[in-house]
Amino acid sequence: MKIVLSLLILFQSLQSYSQIVYGSNKYIEYHIGNLPVIISVPHGGNITPSSIPDRTCNDAVTATDANTIELAKEIDRAFAKATGCNPHIIYCNLKRSKLDCNRNLADGGCGNAIAETAWNEFYNFINTAQASAQSKFGGKAFYIDLHGHGNPIQRLELGYLLYDYELANTDVMLNTSQYVGNSSIRNLVSTNISGSSHADLLRGNFALGTLLGNAGFPTVPSKQIPFPQTSENYFSGGYNTARHTSYTQTNTVNGLQIECNYINIRDSDTNRKQFADSLVSIVKKYLKIHQDINFPNCVVTSIAKTKETNTVIVSPNPATDFIQLTFTENAKDFDVEIITLFGQTVLTARNEGSLNIQQLPKGVYLLKITVDQTNIMWYKIVLR
Ligand SMILES: [Zn+2]
């Protein structure tokens, strides 16, 4: 078994934080959250390694969604400000000309092995985040695939996988099983506690689009703008929305694609902050009304910051199935835990210099070391 180890986060001091797990070469980032919200950001990256050729397969679209990573970071900050907790966020740092994380593997990676590895990491991190949020919040996780559009009409476009001409139907038609069954909030139609129909959830008084419109962000579909005109190049949702929501019969996560306009939302730091704060309070309200989710208030505990020197050195020993821990300071106790990405502790040890990992299945784990019950260090370990 080969062990690959990388340092995750060193000492934490007294603030809310989310742990970050990186994919290969840091092309993909998973910010592990503790809220029932999962956000993916597939088109905001700008890394262009020469090891991945520019995508040309199958009429590749390569436009970047400008400032969507910056916007997601503001949304992360806004959630932390409102709750002390963080959403799960998965970022693709590769430029879309190298990898499209909102296409299937063949079209997204165009056959390049490095791009395909990153594609798989992005896909699997979303699954991991959803499984973790589903188990913690009783199956009520909510997913947002975050984008930016270049359409001239400055409004948010919410994609529930229903085309413009489908949204133009009557409420009665949209409430038939034919349309509900093809919606990214299929499961919410049957589980919501607000008595809302599918059409209500798309464009009723408490639809996400209506709440955003009321807050000063014009949105389609909504009560204010029930459906787009067919000439308006509206985005109805893409690969991620289909694969990671209840549109897929085996998934119960509800969600949607949010295509953000540029002016007033993505164009400046101030506007990104303002929109992020509004979006967070609206998502909280929306999930309270329809799913009775009370967002937790994460307690921010004070952890004394230690000296910058390492108190422990972790080194993989490729010759054996052990991880060596070398303690270099006179701390009394080192509590060690190996945790799966689903939050399950699979190994614990105290004051031991060598961890036997023979019995652990291959995969990605988090190694948590607590020094004298106060200072926590996180590492990522990959067992191959
Ligand atoms: Zn996009």
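Indexing begins at 1, ligand by ligand and atom by atom, following the structure's order.
- By the 30° and 60° cut-offs, the orientation of the rings of His290 relative to Tyr286 is perpendicular.
- Take Arg203 and apply the salt bridge (charged side-chain N to carboxylate O under 4.0 Å, His left out) test, not counting sequence neighbours, and it matches Asp171.
- Taking 4.0 Å as the cut-off between side-chain N and carboxylate O, Lys273 and Asp269 count as a salt-bridged pair.
- Relative orientation of the Tyr30 and His88 rings is parallel, given thresholds of 30° and 60° on the angle between their planes.
- In this structure, Lys98 forms no cation-pi arrangement with Tyr27, as its terminal cationic atom is not both closer than 6.0 Å to the ring centre and no more than 45° off the ring axis.
- The pair Arg155-Glu259 fails the salt-bridge criterion, with no side-chain N (NZ, NE, NH1 or NH2) lying under 4.0 Å from an Asp/Glu carboxylate O.
- Shown are the protein N/O/S atoms under 2.8 Å from the Zn ion (ligand 1), given by residue and atom: His43 ND1, Asp65 OD2, His147 ND1.
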